[in-house]
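Structure record follows, encoded as structure tokens.
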Amino acid sequence: MITIATWNVNSIRTRMHAVTKWLTDASPDVVCLQEIKSTSENFPFMEIEALGYNVEILGQKSYNGVAILSKRPFDEISERGLPGDDSDEQARYIEAVISGDKRPFRVASIYLPNGNPAPGPKYDYKLAWMDRLMAHAQGLLKHEEALVLAGDYNVIPEAKDVYAPSEWLTEALYMPTTRKKFQEFLGIGLTEAFAQMDGRAGQYTFWDYQRGAWQNNEGIRIDHLILSPQAADNIVDLKIHKMTRDGIKPSDHVPVVGTFDF
DNA sequence: ATGGTCGGTCCCCGA
């Protein structure tokens, strides 16, 4: 079995104690991190490697930044940056191929743009980025292999995934245009792991730091594992690690962890 | 209608 997790850590250096504890407790095989907010020069490679992980990152100063950690060696880092726009300098996509006991699998760490305020240039960038992701995923699906597109999608798929849907109708994460494009993306032949494995209302992955959102369970579900048919056929468990939202200096996101018979 | 909270960096921006 291979466990694959996604976690937006909101700064790797500030979060190192929480990340170290969770890696030790949960011991996932593969971890996709987002918002590391770090360049390669400042990334804590040694501390994470000491826990038994190979580490590959696409970083930038101050904002964004993604990483993949893997207990198994990487066969290949197949992409650094999302193809489709050479002028895009934001570090939001890294992709690797890793071998399981039964089959190789491809995994991507994705930090999809937030898009607020909408409408506006940031929302236009979000929609264009989703178009590029869809085009790239269509190419990957032709390989007919196990593929896990893991990350912070900044998309609330349905009303049941947000504590107060009516308050989010003008937010870039929940606007009808956003949800429609996300469904279009799934429609190319992908499966959202949570929808397949659980699907219950009120299962959130993010709670804002403000207004006591965590204490009042005012959350949203925006961190997703998106699967090719070969991955969807082999997922055996999916869990949201809510426990990490407690404690000292938590991230505002929690890990989503899938178990696969790879 | 407003203010509320984080993180990174440089005196404000993004979420």
Side-chain angles (χ1 to χ4, degrees), chain A residues 6-22 32-45 47-48 57-67 81-82 88-93 109-130 133 150-157 161-175 177-179 182 204-224 240-256:
Chain A
T6 181
W7 193 11
N8 179 323
V9 291
N10 188 11
S11 169
I12 188 64
R13 288 191 302 283
T14 296
R15 214 62 62 209
M16 261 320 270
H17 67 287
V19 170
T20 300
K21 175 169 171 33
W22 176 73
C32 298
L33 300 177
Q34 299 87 35
E35 278 207 275
I36 60 174
K37 294 185 174 178
S38 175
T39 59
S40 296
E41 290 73 34
N42 297 323
F43 190 91
F45 284 101
E47 288 162 80
I48 294 175
I57 84 164
L58 179 67
Q60 75 178 79
K61 190 180 176 186
S62 305
Y63 305 116
N64 311 315
V66 287
L82 182 65
D88 184 1
E89 300 191 338
Q90 299 192 29
R92 297 179 175 276
Y93 189 93
S109 181
I110 294 172
Y111 180 42
L112 203 145
N114 175 297
N116 280 314
K122 292 190 175 177
Y123 191 60
D124 294 341
Y125 174 66
K126 178 180 192 144
L127 295 179
W129 207 95
M130 291 176 84
L133 179 62
D152 174 2
Y153 278 76
N154 272 314
V155 173
I156 301 166
D161 302 313
V162 49
Y163 66 95
S166 59
E167 292 177 22
W168 284 77
L169 284 167
T170 57
E171 292 282 323
L173 287 70
Y174 187 63
M175 287 167 63
T177 306
T178 306
R179 279 179 277 149
F182 185 70
Y204 307 134
T205 65
F206 170 93
W207 295 260
D208 201 289
Y209 288 124
Q210 301 185 60
R211 290 163 247 149
W214 169 241
Q215 288 74 16
N216 299 319
N217 194 30
E218 294 180 345
I220 56 179
R221 193 173 69 85
I222 56 176
D223 299 274
H224 308 301
I240 300 173
H241 284 195
K242 272 182 77 171
M243 73 293 273
T244 64
R245 190 61 179 75
D246 276 317
I248 312 287
K249 279 183 160 305
S251 171
D252 41 6
H253 296 250
V254 300
V256 177

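Any value given below was found using the heavy atoms of this structure, including those in side chains, with hydrogens, waters and symmetry copies removed. Just so it is clear: chains get the letters A, B, ... in the order the sequence lines come, proteins before strands, and each one is counted from 1.
- Each of A:T6, A:N8, A:L33 was checked for a side chain to side chain contact (heavy atoms under 4.5 Å, CB included) with A:Y111, and the lone residue meeting it is A:N8.
- Distance A:L112 CG to B:dG14 P: 17 Å, rounded to the nearest Å.
- Nearest nucleotide to the A:R13 side chain, out of B:dG7, B:dA15, B:dT9: B:dT9.
- Considering only side-chain N and O atoms, A:K249 lies under 4.0 angstrom from the phosphate OP1 or OP2 of B:dG7.
- The aromatic rings of A:Y153 and A:H224 sit tilted relative to each other, their planes meeting at an angle between 30° and 60°.
- In this entry the distance linking NZ of A:K37 with P of B:dC13 reads 15 Å, nearest Å.
- Heavy atoms of other residues, nucleotides or ligands lying less than 6.0 angstrom from CD of A:Q215 number more than 12.
- Between A:E35 atom CD and B:dG7 atom C1' the separation is 9 Å, expressed in whole Å.
- B:dT9 and B:dT5: their P atoms are spaced 22 Å apart (whole Å).
- Residue A:T14 has no polar side-chain atom (N or O) positioned under 4.0 Å from OP1 or OP2 of B:dG7.
- Between the side chain of A:D252 and the main chain of A:Y209, no donor-acceptor pair closer than 3.5 Å is present.
- Along DNA chain B, the nucleotide closest to A:D208 and the one closest to A:D152 are compared, and the more 5′ of them pairs with A:D208.
- A straight line from NZ of A:K61 to P of B:dG7 spans 19 Å, rounded to a whole angstrom.
- Considering only side-chain N and O atoms, A:K122 lies under 4.0 angstrom from the phosphate OP1 or OP2 of B:dG14.
- Residue A:Y111 is in sugar-phosphate contact alone, with no base atom involved, counting any heavy-atom pair closer than 4.0 Å across all strands shown.
- The distance from atom CD of A:E218 to atom C1' of B:dT5 is 14 Å, rounded to the nearest whole Å.
- Looking at which nucleotide of DNA chain B each of A:I36 and A:G115 is closest to, the 5′-most match is held by A:I36.
- The same atom, P, is picked in B:dG8 and in B:dT2; the two are 30 Å apart, to the nearest Å.
- For the pair A:N10 CG and B:dG14 C1', the computed distance is 10 Å after rounding to whole Å.
- When the C1' atom of B:dG4 is taken as reference, atom CD of A:Q215 falls 13 Å away, rounded to whole Å.
- Comparing B:dA15 with B:dG3, their C1' atoms sit 16 Å apart, to the nearest whole Å.
- Using atom P as the reference point in both B:dC6 and B:dC11, the two lie 23 Å apart (nearest Å).
- Neither OP1 nor OP2 of B:dT2 sits under 4.0 Å from any side-chain N or O of A:R211.
- Separating the OH atom of A:Y63 from the P atom of B:dC12 is a distance of 13 Å, rounded to the nearest angstrom.
- A:N114 has its side chain within reach of A:L173: a pair of non-hydrogen atoms, C-beta onward, lies under 4.5 Å apart.
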